[in-house]
Amino acid sequence: MNNENKISRRKVIGGLGLGLAAVAMAPVLSAEGSPKPLSFAPEKLTDPTTKYPRPPFNGQTQPWPGLTSKMNPVPDHGETSYKGSGRLKGRKALITGGDSGMGRAAAIAYAREGADVVINYLPAEEPDAREVIALMKAEGVKAIGIPGDLREEAFCQKLVAEAVKSLGGLDIVVSNAGRQQSHVSILDISTEQFDWTMKTNIYAPFWIIKAALPHLQPGSAIIGTTSEQAYDPSPDLYDYAQTKAATMNYVKSLAKQLGPKGIRVNGVAPGPIWTALQVTGGATQEKLKNFGGMTPLGRPGQPVELASIYVQLAANDGSYATGQVYGAAGGGGQP
Ligand code: NAD
Ligand code: MG
């Protein structure tokens with residue numbers, strides 16, 4: 001509903017003294033009193049099995065961390081499809097990994113819902129980040145990029161401090177950045193690789209949430225990106241999968257710790273989603289060619305298909321959800 005309609009509706013309620021239920025059923029009256037139809041255009045039913053590309057996909061690889069624009073097909077993060085309705089007006093959000101994949105979908109959706117947003121990403125991802133920032137700015141909100149490596153505690157602290165300063169506060173933290181590399185055997189994982197995965201996926205959220213907490217008022221929301229891997233790990237994701245179990249677990253313990261303070265903590269558990277992470281060592285070429293093909297919907301998810309979950313978990317009307325993990329995995333996986 002646009003502002004004009006909101007004002008008209010208020011005038012109708014105040015002026016005519018109608019009951020709310022009656023107003024909800026009636027067509028909205030314009031200020032002049034002539035009937036004005038609600039502006040909800042009917043949408044066609046879409047078949048989720050054919051809504052987006054299905055395998056087989058071309059084998060492809062990019063140097064990590066990869067660029068979403070170079071993927072074939074290019075993922076849908078909601079650039080042209082996500083429509084907002086002011087659900088996050090006035091909110092101030094920090095999203096890690098906001099340049100691509102789920103983080104980008106969340107960033108675009110948050111901006112379209114009226115939130116000011118800071119995204120973090122790696123310096124090599126500047127081209128992806130610039131695209132997201134331009135899309136967010138087009139919504140008339142504050143959109144700020146802060147590049148840097150989350151494996152450093154000092155950077156995580158600086159990131160939060162700069163986000164708070166540039167947004168004038170903080171009330172949504174989306175800890176979404178992640179590192180995933182496929183290794184056939186545990187014997188192929190070096191201590192350095194193991195440490196890299198743990199630092200990115202477990203330490204960084206710990207450091208970021210610690211730094212953010214003193215700024216979060218009651219009503220704020222923390223959202224972690226976990227995975228179906230937390231519940232049903234693949235054999236080639238030994239190190240990654242256990243970090244996603246840790247994410248699911250911290251969501252639940254922190255929700256208990258912060259519930260009495262009025263701060264909600266929830267997780268999103270994606271299934272196979274078509275993102276840069278998968279074409280930069282996250283999946284084998286064999287897995288990539290049939291990516292998502294094993295799910296009941298027969299295809300991978302697109303980042304935009306999770307955007308509304310990130311919105312729902314941050315929005316005021318989701319106020320009884322805390323310690324929850326919401327999934328989107330095409331019919332397989334948990335929760
Ligand atoms: P993505 O590659 O588009 O996003 C991951 C982002 O993490 C990168 O864009 C990068 O900016 C950030 N990142 C990685 N290491 C970093 C570091 N050291 N410092 C700063 N930023 C760093 O891929 P995605 O699939 O959208 O991943 C987002 C989240 O979704 C991750 O936590 C991932 O584990 C999770 N996830 C993905 C899938 C999937 O199938 N794609 C499934 C389940 C969960
Ligand atoms: Mg990226």
Side-chain angles (χ1 to χ4, degrees), residues 62-71 74-77 94-107 119-132 145-153 155-156 159 174-182 195-205 207-208 223-234 237 239-248 267-283 287-288 291-292 295 299-307 309-310 325 327-330 332-334:
Q62 288 185 43
W64 182 86
L67 290 176
T68 205
S69 53
K70 292 193 174 159
M71 289 179 68
V74 173
D76 183 356
H77 311 86
L94 167 63
I95 304 174
T96 65
D99 59 298
S100 58
M102 260 68 78
R104 178 179 182 135
I119 60 166
N120 161 252
Y121 50 91
L122 289 159
E125 298 172 304
E126 192 66 43
D128 272 355
R130 277 176 198 266
E131 288 175 9
V132 184
I146 305 181
D149 194 326
L150 296 173
R151 287 175 295 165
E152 299 294 328
E153 181 173 9
F155 173 72
C156 290
L159 170 66
V174 180
S175 180
N176 164 77
R179 164 91 173 165
Q180 172 186 324
Q181 294 285 299
S182 161
D195 199 46
W196 190 333
T197 308
M198 299 298 145
K199 280 272 158 46
T200 315
N201 299 4
I202 298 183
Y203 279 77
W207 291 326
I208 288 170
I223 299 167
T225 303
T226 170
S227 170
E228 62 177 359
Q229 291 291 326
Y231 308 89
D232 185 15
S234 298
L237 296 175
D239 55 341
Y240 171 82
Q242 59 184 288
T243 68
K244 294 292 145 175
T247 306
M248 178 270 290
V268 180
I273 312 299
W274 190 247
T275 69
L277 171 135
Q278 300 293 356
V279 301
T280 54
K287 194 170 172 183
L288 212 54
F291 199 62
T295 68
R299 64 165 178 88
Q302 295 294 323
V304 68
E305 296 183 279
L306 290 94
I309 304 177
Y310 288 91
V325 177
Q334 292 178 36

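Numbering of ligands and ligand atoms starts at 1, following listing order.
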For the Mg ion (ligand 2), give me the closest N/O/S atom belonging to D99, just the atom name.
OD2

For the residue pair W196 and W64, does the interplanar ring angle fall in the parallel (under 30°), tilted (30 to 60°) or perpendicular (over 60°) class?
perpendicular

Considering only NZ, NE, NH1 and NH2 on the basic side and carboxylate oxygens on the acidic side, decide whether E305 and R299 come within less than 4.0 Å.
yes

So, 2.8 Å as the limit: is an N/O/S atom of S100 located closer than that to the Mg ion (ligand 2)?
yes

E153 atom CD, over 12 foreign heavy atoms within 6.0 Å
yes

Among S100, P75, P270, side chain to side chain contact (heavy atoms under 4.5 Å, CB included) partner for P303
P75

Please answer whether the main-chain N or O of S234 pairs with a side-chain N or O of Q229 as donor and acceptor at a distance below 3.5 Å.
yes

When you look at CZ of F155, are more than 12 heavy atoms from neighbouring residues, nucleotides or ligands closer to it than 6.0 Å?
yes

Under 4.0 Å from ligand 1, residues with heavy atoms, in chain and number order, are W64, G97, D99, S100, G101, M102, N120, Y121, L122, E125, G148, D149, L150, R151, N176, A177, G178, T200, T225, T226, S227, Y240, K244, P270, G271, P272, I273, T275, A276, L277, Q278

When you measure from the Mg ion (ligand 2) to the N, O or S atoms of E125, does any of those distances fall below 2.8 Å?
yes

Is it true that Y310 and T225 share a donor-acceptor pair across their side chains at a distance under 3.5 Å?
yes

